[in-house]
Amino acid sequence: MSPAGGLRQLDVSIKGKSYRSASGGAIEVLRELAFTLKAGTVGALVGPSGCGKTTLLRIITGLDSDYTGSVHLPDHGKLGMVFQEPRLLPWRTVEQNVRLGAPEATDADLDALFDALGLAAHRRHFPGELSLGQARRVALARAFAVKPDLLVLDEPFVSLDAALAKHLQDELAVLVTSRRITTLIVTHSIDEAIGLADRVFLLSASPAHVIAEVPIARPREPRTAEELAKIHREIARVLGKLSK
Amino acid sequence: MNVASRLFSLILLVAAWYAGSEVAGERMLPGPQTVALALWDEARSGALAFHLGATLLRVTVAFVIAMALGTALGVWMGRSRLADRLADPWLVALLNLPALVIIVLAYVWAGLTETAAIVAVALNKLPNAIVTVREGARALDRELDEMAHVFRMSRWVRLRHVLIPQLAPYLAAATRSGLSLVWKIVLIVELLGRPNGVGFEIGIAFQLFDVTRILAYAIAFVLVMLAIETFLVQPIERHVSRWRPKAA
């Protein structure tokens, strides 16, 4: 949309996306959904469950081309993705999984990633021998090893216990900050979005569109409970104003 | 314990054979020692190795052709509904065509040639491979497919690391049933129109009512197939399923 640096940012402008239901009627999932995400920043999409977030990610990642509108990926459009489930190849070791996803990654790249994510001891293990939290870390390592132009995460911490989710979230925050990768994360947790993003996009219920954008000051830095409450109030205010 | 019970079962089989030969007489059912001696003679003269080699070569070539083609067609039919609908009647026809009809037609149309023999055997095994692999292709994990797509994995990587490992149990099943099916059909093909091989030898022995030779060649071939199963198929299977949590 904007001419300056238009090549480098993520531009999403979806006019409409419908599914055909089993009974034959069309169900509209997305309508007039548009946002842009500046290069090197983290955007979080937050919305009620079932609002079409996963559908949106499938369109952005090219898995679904049956929609009207346009999506422009940053730079060369190289993607790294962390799905809701780890989606590792169970018959390949942790290291092979990462290498198959990122054939250009060097040994040094992998060493650094495995160290940062606490996976060094598990390189030769098969995914079936890992806990869900460890498998999620492998999925993260694979996505970062690609050195993507756009990193996409679909609820990467869902069904982990709260302490582990927080821990992984911190590790993710360190990685995105140090590598400055344009990142789009989908979550239903406002806390998670505040903890990770430069900019939070609030989605409506289905058919989804962006109802508000909330910039987060000092992204990914420690916050007091007071500051956190303030951001929550701000979001609640934006949502409240819209519902009037 | 395991080995002991297997050994006991084997000894029981030989004993039953021995007893049967005592009752039926050496001509109808020669005893184990007679057959063993005949086997030894055939081995010493080199005839055994020659005929076993010819048969094994045919088994190998026909099996490889049938599995390769069957896997490709099975995956195609398992993934595309249109392909499945188009090819299914052909498959059912081929499945129900008697092996003998295919063999005789192949010989009539292409002459008593090696090519005709191999094609006939491969065609007999093909539908069985297709049906098994098609089941596997229907059960393929879409999620891994999407992952491979998003990470822009090359065709080769997808084939080698995503597709084949998912099909492995089905390929193993098709291999198991396939090897035994193929070698039985190869023998018939040899009996009807080849100048060498175990089937040819058994045909000669049949004309002479030489039961000893029939048993000698049958046992030799069963031993070879047992060796293939133990030293080739099982180790490959163990390697392929090394990632699975060990079952008891």
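Since the model is a prediction, treat every value here as computed from it, not as a measurement. Worth knowing before you read on, the calculation uses all heavy atoms, side chains too, and leaves out hydrogens, waters and symmetry mates. Lettering of chains follows the sequences in order, A, B, ..., and the numbering in each one begins at 1.
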Can B:Leu179 and B:Val233 be said to form a side-chain contact (heavy atoms from CB on, under 4.5 Å), step by step? CA-CA 10 Å; B:Leu179 271 179; B:Val233 177; 4.1 Å; yes
Verdict with reasoning, A:Leu175 to A:Leu113, per side-chain contact (heavy atoms from CB on, under 4.5 Å): CA-CA 9 Å; A:Leu175 281 169; A:Leu113 270 172; 4.2 Å; yes
Would you check, one step at a time, whether the test side-chain contact (heavy atoms from CB on, under 4.5 Å) holds for A:Leu30 with A:His209? CA-CA 6 Å; A:Leu30 309 174; A:His209 58 276; over 6 Å; no
Under the side-chain contact (heavy atoms from CB on, under 4.5 Å) rule, what do B:Val75 and B:Arg79 come out as? Steps first, then yes or no, please. CA-CA 6 Å; B:Val75 168; B:Arg79 306 201 80 180; 3.9 Å; yes
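Annotation: the span from A:Leu184 atom CG to A:Phe201 atom CZ amounts to 7.5 Å, rounded to 0.5 Å. In this structure, the separation between CG on B:Asp145 and CD on B:Glu143 is 10.5 Å, given to the nearest 0.5 Å. Considering OH of B:Tyr107 and CD1 of B:Ile102, their distance stands at 13.0 Å, rounded to 0.5 Å.
A:Gln9 and A:Thr182 form no side-chain donor-acceptor contact under 3.5 Å, judged by distance and modelled atom types alone.
Residues from residues 80-106 of chain A that place a non-hydrogen atom less than 4.5 Å from a non-hydrogen atom of chain B comprise A:Gly80, A:Met81, A:Phe83, A:Glu85, A:Arg87, A:Leu88, A:Leu89, A:Pro90, A:Trp91, A:Arg92, A:Leu100, A:Gly101, given in numerical order. Heavy-atom neighbours of chain B within the stretch residues 126-158 of chain A, taken at a separation under 4.5 angstrom, comprise A:Phe126, A:Arg142, A:Ala143, A:Val146.
Below 30°, between 30° and 60°, or above 60°: for B:Tyr217 and B:His51 the angle between ring planes is above 60°, a perpendicular geometry.
Proximity of A:Leu33 to A:Leu203: side-chain heavy atoms (C-beta onward) are separated by under 4.5 Å at one or more points.
Judged by distance alone, the side chain of B:Arg242 and the main-chain N or O of B:His239 form a donor-acceptor pair under 3.5 Å.
Of the two parts of B:Val150, the backbone and the side chain both hold a non-hydrogen atom closer than 4.5 Å to a non-hydrogen atom of chain A. Heavy-atom distances place no part of B:Val240 under 4.5 Å from chain A, backbone and side chain included. Both the backbone and the side chain of B:Arg160 have a heavy atom closer than 4.5 Å to some heavy atom of chain A.
Most heavy-atom pairs under 4.5 Å with chain A, from the set B:His161, B:Gln166, B:Met153: that is B:His161.
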